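Each remark here refers to the structure printed beneath this line.
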Amino acid sequence: MKLSRDLWAGILLFSLGLIVAIYVYANYRMGTLRSMGPGYMPFALAVVLSALGVIAAIMSQVLPPQDYSGRELDWRKVVPVALGVLIFALTVTKLGLIISTILLVVISSIADRRFNFKHSFFLAISLCLISWVVFVLLLKMTIPVFW
């Protein structure tokens, strides 16, 4: 058995998925496929996460080891994306889906070295339209569209 980063990542994903699946199954009503309860989707996602962890662990043993030298975490990319998600989470109920999505995309786009405000703006408008159609029109969620 090769103890590699990928094996540890697979074990971590499997463990996290298993813990979440057990917690959700024990504490939430599952429902059925026709009438899903509040625990149905989190449980399904936890099972998928566990399955991906098993696949990652198996692949780490089957495939040749990867060379991770020279691969470091680039904080100039991580910080804008994390900040964009945080700002979206904090503002979606106050500013609405449209403005929060625009903020998310523009702030996260700063992580790209080839940042172009015009492209980011068009991406933001597209995602606003898709989000509005999916969450407001199709799923009928009660998210404020504008403040």
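All values reported here derive from a predicted model rather than from experimental measurement.
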If you apply the rule side-chain contact (heavy atoms from CB on, under 4.5 Å), what do you find for D112 with H119, and how did you get there? CA-CA 12 Å; D112 188 5; H119 290 129; over 6 Å; no
Look up atom [atom1] in [X] and atom [atom2] in [Y], then write down how far apart they are to the nearest 0.5 Å.
X	Y	atom1	atom2	answer
I19	S50	CD1	OG	9.0 Å
L18	L13	CG	CG	12.5 Å
T101	I130	OG1	CD1	10.5 Å
I22	Y25	CD1	OH	11.5 Å
I98	L127	CD1	CG	10.5 Å
L97	L95	CG	CG	11.0 Å

Taking the side chain as C-beta and beyond, is there a heavy-atom pair between V136 and V145 under 4.5 Å?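 Yes, close enough: below the 4.5 Å cut-off.
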Contact between V78 and W75 at the side-chain level, heavy atoms closer than 4.5 Å - yes or no?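 With C-beta onward as the side chain, the pair touches.
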So which atom in [X] and which in [Y] form the shortest heavy-atom distance, rounded to 0.1 Å?
X	Y	answer
R29	M36	NH2-O, 4.5 Å
A46	A21	CB-N, 3.6 Å
S108	G84	OG-CA, 4.0 Å
F115	V106	CE1-O, 4.0 Å

If only atom types and distance count, is the side chain of [X] paired as donor or acceptor with the main-chain N or O of [Y] below 3.5 Å?
X	Y	value
T32	S35	yes
S60	D6	no
S100	T91	yes

Crowded around Y23 OH? As in, over 12 foreign heavy atoms under 6.0 Å?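 Open: at most 12 neighbouring heavy atoms sit under 6.0 Å from OH of Y23.
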Neighbour count >12 (heavy atoms, 6.0 Å) for atom CE, M30: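 Atom CE in M30 is crowded, with more than 12 foreign heavy atoms closer than 6.0 Å.
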Is [Y] reachable from [X] through a run of hydrophobic residues whose side-chain heavy atoms are each under 4.5 Å from the next?
X	Y	value
V92	V134	yes
I102	V133	yes
F88	L139	yes
I110	I125	yes
L16	M41	no

